[in-house]
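Computed over heavy atoms, backbone and side chain alike; hydrogens, waters and symmetry mates excluded. The structure displayed is predicted, hence computed values, not measured ones.
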Amino acid sequence: MKILELEELLPRLDEDARDVDIWAEEFTRLMKLAGINNPASIHTWATECVEGKLRGVLQDLVKVNEDEEEEFPTMKKIKEALEEALEITPQDKCKRLQRLKIKRGESIKNFNWRYKKLYNNLPRLYQSFITVEDYTESISYRPFARAQVITQRCVDLEDAFEEAELAERAEERKETNETVMSTLYTRGVYSNFSQSNRTGKHPFRQFSANNYIEVNNPKRNMRSRINDKLLNKNPKYETNNTYKRTYKCFRCNQEGHGVKQCPYSFKELAELEEKGQISKESLNSQMEEGKLPL
């Protein structure tokens with residue numbers, strides 16, 4: 001790897017930075033990829049990552065022994081010196097870990113890896129302050145995995161990590177199965193679900209809305225009850241819940257035709273009534289029996 005390319009890839013550390021652990025991890029990984037193992041070279045490249053007073057802190061770490069040879073610090077001493085210069089205490093690390101949240105779109109496996117790194121960098125005394133409840137709050141954006149960790153009553157963080165990863169795999173498998181099933185139904189693979197209906201639709205969509213009563217639809221239920229009452233009490237309604245219209249003539253009060261189709265005029269009805277052949281009360285009954293002369 002060329003020097004200019006390596007310089008562009010160096011992780012930078014500002015004086016306002018609070019995450020020295022992640023910087024040290026990225027820097028160590030880059031040195032391994034570049035094949036740099038010499039402490040002097042590592043110290044030189046670490047000095048290039050910082051500016052201002054931090055660069056002076058790293059330069060002061062170089063000591064001269066009795067043989068007048070320079071002794072360069074290890075990566076652990078470099079990290080400790082930077083944390084001391086930035087005034088990062090173990091309490092700050094503990095609070096930062098408690099406030100850590102999973103990123104949107106980040107897998108739980110990757111988040112657990114980051115969480116373990118920060119947890120292992122804490123002193124053993126402060127590790128006891130990190131509980132399973134803190135971890136469940138960290139994965140609050142993943143409600144299924146969080147609920148799984150809570151219901152399983154995990155005692156330590158290792159069990160919580162395992163349960164969360166299992167829940168994530170189960171959720172991914174469920175989403176994959178739903179996608180496959182929807183694709184199969186769309187392409188008509190299950191078109192032979194019903195011998196009487198080869199439509200290729202989802203089985204739940206092959207039934208008509210008239211074949212069942214929707215429980216959550218009070219209007220449909222009320223309409224069904226009204227239709228049932230009308231069918232039982234009034235013969236004017238047919239079995240298909242449609243109204244059979246009946247006509248009534250307002251001239252002769254006879255059912256079965258309208259005023260335009262009435263065979264009698266007002267004059268003819270008045271003459272029949274004057275002759276005593278018909279009365280208003282018996283008009284309907286005589287017309288139904290066919291006694292009125294046409």
Side-chain angles (χ1 to χ4, degrees), residues 11 17-30 32-33 92-122 124 126-194 197-209 211-218 220:
R18 311 300 298 173
D19 197 352
V20 180
D21 293 327
I22 293 180
W23 171 84
E25 182 179 349
E26 292 180 357
F27 178 76
T28 304
R29 176 174 171 271
L30 183 61
K32 290 181 179 180
L33 291 175
D92 296 334
K93 292 183 178 181
C94 184
K95 291 180 181 179
R96 180 177 175 276
L97 183 57
Q98 290 176 342
R99 294 192 297 265
L100 184 65
K101 298 290 185 181
I102 187 172
K103 300 178 182 178
R104 295 190 182 274
E106 182 183 11
S107 64
I108 293 181
K109 187 175 181 180
N110 293 337
F111 175 74
N112 290 343
W113 179 81
R114 291 198 298 123
Y115 202 94
K116 290 178 183 178
K117 284 289 183 181
L118 296 176
Y119 179 79
N120 293 330
N121 290 330
L122 289 175
R124 187 173 297 274
Y126 289 92
Q127 288 180 356
S128 59
F129 293 103
I130 306 300
T131 61
V132 178
E133 287 75 13
D134 296 330
Y135 175 72
T136 55
E137 291 298 325
S138 299
I139 58 174
S140 57
Y141 292 147
R142 305 296 174 84
F144 181 70
R146 180 175 181 269
Q148 188 70 13
V149 173
I150 295 174
T151 54
Q152 293 298 326
R153 298 180 180 180
C154 299
V155 179
D156 54 2
L157 289 176
E158 291 296 332
D159 294 340
F161 293 155
E162 185 178 358
E163 291 296 335
E165 291 178 7
L166 288 175
E168 184 184 38
R169 288 198 294 269
E171 192 173 11
E172 291 176 354
R173 185 175 301 176
K174 179 182 178 182
E175 293 177 356
T176 304
N177 292 338
E178 290 179 353
T179 304
V180 171
M181 293 298 292
S182 62
T183 305
L184 291 176
Y185 284 122
T186 303
R187 294 179 178 178
V189 176
Y190 288 95
S191 59
N192 295 327
F193 176 80
S194 175
N197 186 9
R198 299 172 179 263
T199 59
K201 297 181 180 180
H202 192 279
F204 295 146
R205 297 178 180 271
Q206 291 184 356
F207 300 96
S208 174
N211 295 336
Y212 62 94
I213 298 176
E214 295 182 5
V215 179
N216 297 325
N217 193 344
R220 183 178 294 277

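Atom CG of Leu118 and atom CD of Glu25 lie 8.5 Å apart (nearest 0.5 Å). Atom CG of Asp159 is separated from atom CZ of Arg153 by 14.5 Å, given to the nearest 0.5 angstrom. The CG atom of Asn112 sits 7.5 Å away from the CD1 atom of Ile102 when rounded to the nearest 0.5 Å. Considering CD1 of Ile22 and NZ of Lys117, their distance stands at 11.0 Å, rounded to 0.5 Å. To the nearest 0.5 Å, atom CD of residue Glu162 and atom CG of residue Asp156 are 10.0 Å apart. Note that CG of Asp92 is 10.5 Å distant from CZ of Arg96, once rounded to the nearest 0.5 Å.
Under the 3.5 Å distance criterion, the side-chain polar atoms of Glu165 are left unmatched by any main-chain donor or acceptor of Lys109. Glu168 contributes a side-chain N or O that, together with a main-chain N or O of Ile108, makes up a donor-acceptor pair within less than 3.5 Å.
Using a 4.5 Å heavy-atom cutoff, the side chains of Ile130 and Tyr115 are in contact. Using a 4.5 Å heavy-atom cutoff, the side chains of Lys103 and Phe111 are not in contact. At a threshold of 4.5 Å between non-hydrogen side-chain atoms, the residues Leu97 and Lys93 do not count as touching. The shortest side-chain heavy-atom distance between Asp134 and Phe129 does not fall under the 4.5 Å cut-off.
When every heavy atom of Leu30 is checked against every heavy atom of Pro11, the shortest pair comes out as CD2-CD, 4.1 Å. When all heavy atoms of Cys154 and Val132 are compared, the closest pair comes out as O-CG2, 3.8 Å. Closest approach of Ala167 to Ala145, counting heavy atoms only: CB-CA, 3.7 Å. Residue Tyr119 comes nearest to Gln127 through the heavy atom pair O-NE2, 3.0 Å, listed as atom of the first residue, atom of the second, then distance.
Scored by the side-chain hydrogen bond (donor to acceptor under 3.5 Å, both in side chains) test, Glu137 finds Arg146 as partners (sequence neighbours excluded). With sequence neighbours excluded, the residues satisfying side-chain hydrogen bond (donor to acceptor under 3.5 Å, both in side chains) with Asn110 are Ser107.
Counting non-hydrogen atoms of neighbouring residues, nucleotides and ligands closer than 6.0 angstrom, the OH atom of Tyr141 reaches no more than 12 such neighbours.
Between Glu171 and Arg142 there is no salt bridge, since no side-chain N of the basic residue sits under 4.0 Å from a carboxylate O of the acidic one.
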